[in-house]
Amino acid sequence: MSSSPLTATPTPLLPAKPKGPLLPHLPHCTSLRALAQLHAAAVKSGLGAHPALVTRLLTLCTKQGAAPAHLAYARQVFDRIPSPGDVVWYNTLLRGYARSSDGAAEAARVLARMLEEGVAPDTYTFVSLLKACAAARAGEEGRQAHGVAVKTGAADHEYVLPTLINMYAECGDARSARAMFGRVPNGDCVVSYNAMITAAVRSSRPGEALVLFREMQAKGLKPTSVTVTSVLSACALLGALELGRWIHEYVRKAGLDSLVKVNTALIDMYGKCGSLEDAIDVFQGMESRDRQAWSVMIVAYANHSYGREAISLFEEMKKQGIRPDAVTFLGVLYACSHSGMVSEGLQYFDSMREYGIVPGIKHYGCVTDLLARSGQLEKAYKFIDELPIQPTAILWRTLLSACGSHGAVDLGKRVFERILELDDTHGSDYVIFSNLCANTGKWEEMNRVRKLMNEKGVVKVPGCSSIEIDNRVHEFFAGDGRHPQSQDARRMVDQVIEQLKLVGYVPNTSQVFHVEMGEEEKATSLRYHSEKLAISFGLLNTSPGTTLRVVKNLRVCPDCHSMAKLVSMLFNRRIILRDLNRFHHFEDGVCSCGDYW
DNA sequence: GTAGGGTTAG
């Protein structure tokens with residue numbers, strides 16, 4: 001610091017009439033204090049509003065990653081100028097607001113001042129202004145900015161239109177976004193398509209994203225790296241492995257396979273679509289990897305129940321000097337909780353502090369899961385109860401589900417009541433608790449819960465599983481016969497169950513209970529759970545040694561899990577079973593999750 | 001200067 005020219009008296013450093021590359025040391029100075037010093041000196045020598053200095057100051061204060069304090073300082077500098085006449089100054093300041101998440105109101109004030117001063121906004125002005133509105137989800141400011149853009153004729157500019165689309169989409173106004181998209185001449189603008197596709201993915205409408213993607217291809221528009229990353233996200237949401245592979249092929253042909261973001265999206269897609277091998281291949285083939293690339297691979301291992309591998313990757317990442325962030329730690333904690341690595345998980349949780357990461361609700365959720373799954377149920381209850389932040393129903397739900405698998409009906413009742421205080425609309429809470437009652441013989445309590453469930457009109461979603469054989473996807477719903485070969489599949493389930501019984505398989509207790517209660521329909525739907533139908537159908541149509549990839553979009557029940565284990569051994573198949581967003585790999589009677597799930 | 005990758009539980 002003592003050798004820095006900034007600590008010397010700054011005044012002589014300022015030439016009377018700065019021109020050309022002003023103050024050679026200025027671009028290197030990033031501390032607010034040093035900047036303030038320079039500006040004060042400039043003001044003193046009457047150069048406070050010198051264009052080159054102001055531009056330089058504003059640029060430094062509003063650059064990527066600038067602290068909010070820098071941005072506030074930029075505003076101060078700007079306000080000191082008696083009558084700013086150069087549109088570039090406004091634009092530079094606005095660029096700063098575009099990069100912050102709460103600068104929409106300030107940005108709108110800057111536009112107002114421009115108009116007051118009679119400075120005409122240009123296309124750059126609107127791009128930054130609209131970006132600021134999008135980042136802050138400020139639809140009202142965005143609409144006003146749009147109005148001004150229309151008046152000045154900037155609204156249909158090739159850079160402004162995609163920004164408008166994005167702004168409306170981010171602010172939740174899909175109709176206006178569509179309307180802006182409709183203004184694109186012939187609809188042949190890749191960036192506008194990208195904005196629309198991205199918006200669809202971000203609001204969880206992956207199907208819509210794919211429709212747009214096909215439409216742009218039909219028009220002969222060439223997908224860019226941005227297009228493929230968004231479309232890969234859509235594939236990940238849908239579990240569309242084949243389309244994902246097709247995009248991967250395109251990525252290779254188009255030479256986009258060296259881009260870190262594209263590869264990260266590929267790893268994520270493969271991980272979420274159930275092909276861990278392909279995810280690993282992409283990761284290993286990368287020339288360089290950033291924090292997100294490492295994180296996404298760790299999350300993929302964790303989601304496939306390969307906890308040890310996730311952890312060793314995390315250690316390798318740190319060794320290579322990449323700093324983990326909040327998401328990386330989520331992957332690590334998740335990995336620990338699914339491999340029964342309780343003490344390691346708690347240690348990693350504590351180590352977050354060393355990286356200056358404040359745990360969020362999701363991290364607390366992982367720790368709850370870690371404690372609860374391993375049977376430390378009271379400890380988990382206390383943990384949630386004493387959180388520094390307000391727990392959500394999700395947190396209690398995690399504990400309730402562990403109470404279910406540990407048969408802890410008394411604690412389960414307390415937890416169930418905590419959940420109802422926060423959210424009484426979630427069907428699975430009633431199901432888990434009533435099953436817990438059934439399994440522990442608390443029939444009266446169980447009937448009470450069922451009645452409550454009917455009173456609340458809780459919606460039950462039928463379980464659905466699909467399996468792909470020879471490029472055809474077969475869909476099965478719990479207990480029903482809508483698949484043309486569902487009768488074959490059912491017969492196969494019965495056969496499989498009979499064979500499994502010989503090696504110690506016991507059908508679950510609630511199924512037995514329903515039969516005893518004369519509730520045939522419920523018993524049937526349990527006997528023919530969608531994943532059982534899909535697995536059995538897979539057995540009918542493949543030969544030993546093949547891999548069955550079964551996608552279930554709801555939770556897999558313990559019964560089906562133990563069935564899949566035995567099937568993998570008895571019928572010599574590898575089974576990859578999707579369980580919500582996780583995957584279980586069954587081989588030779590063993591599951592990758594080690595039954596920690 | 002436009003658009004893009006990773007986020008608990010059930």
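Below, chain A is the first sequence line, B the second, and so on; all start at residue 1. For the numbers below, each heavy atom of this structure counts, side chains included, while hydrogens, waters and symmetry mates do not. Quick caveat: nothing in here was measured; it's all calculated off a predicted structure.
Note on residues 367-383 of chain A: pairs passing salt bridge (Lys or Arg N to Asp or Glu O under 4.0 Å), not counting sequence neighbours, are A/D369-A/R373, A/E378-A/R414, A/K382-A/E386. Screening residues 178-205 of chain A for ring-ring contact (aromatic ring centres under 6.0 Å, His included), with sequence neighbours left out, gives A/F181-A/Y193.
Shown for residues 88-100 of chain A: no residue has heavy atoms falling under 4.0 angstrom of DNA chain B. Contact check of residues 266-285 of chain A against DNA chain B (heavy atom, cut-off under 4.0 Å) returns A/D268, A/K272. Near DNA chain B, meaning a heavy atom under 4.0 Å away, the residues from residues 365-388 of chain A are A/G365, A/R373. Proximity of residues 393-409 of chain A to DNA chain B (heavy atom under 4.0 angstrom from any strand atom) is restricted to A/I394, A/T398, A/S401.
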Determine all donor-acceptor pairs shorter than 3.5 Å in which one atom belongs to a side chain in residues 361-368 of chain A; sequence neighbours excluded.
residue	atom	partner	partner atom	Å
A/H363	ND1	A/G360	N	3.0
A/H363	NE2	A/A326	O	2.8
A/T368	OG1	A/Y364	O	2.7

Return a table of donor-acceptor pairs under 3.5 angstrom between the side chains of residues 271-282 of chain A and protein atoms on other chains or two or more places apart.
residue	atom	partner	partner atom	Å
A/K272	NZ	A/D268	OD1	2.8
A/K272	NZ	A/D268	OD2	3.3
A/S275	OG	A/D278	N	3.4
A/S275	OG	A/D278	OD2	2.5
A/D278	OD2	A/R245	NH1	2.9

Please set out all donor-acceptor pairs under 3.5 angstrom arising from side-chain atoms of residues 225-240 of chain A, sequence neighbours excluded.
residue	atom	partner	partner atom	Å
A/T227	OG1	A/N194	OD1	2.6
A/T227	OG1	A/T224	N	2.9
A/T227	OG1	A/T224	OG1	3.2
A/T229	OG1	A/S225	O	3.1
A/T229	OG1	A/V226	O	2.8
A/S230	OG	A/T198	OG1	3.1
A/S230	OG	A/V226	O	3.3
A/S233	OG	A/T229	O	3.2

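With hydrogens and angles ignored, a donor-acceptor pair closer than 3.5 Å exists between the side chain of A/T123 and the base of B/dG1. Scanning atom types as modelled, one donor and one acceptor separated by under 3.5 angstrom connect the side chain of A/S225 and the base of B/dG4.
Judged as a side-chain hydrogen bond (donor to acceptor under 3.5 Å, both in side chains), and not counting sequence neighbours, the contacts of A/N581 are A/R578. Residues meeting the side-chain hydrogen bond (donor to acceptor under 3.5 Å, both in side chains) test with A/E170, sequence neighbours left out: A/R137, A/R202. Not a single side-chain hydrogen bond (donor to acceptor under 3.5 Å, both in side chains) links A/D257 to another residue, sequence neighbours left out.
Distance A/N166 CG to B/dT2 C1': 9 Å, rounded to the nearest Å. For A/Y193 and B/dA3, the OH to C1' distance is 14 Å, given to the nearest whole Å.
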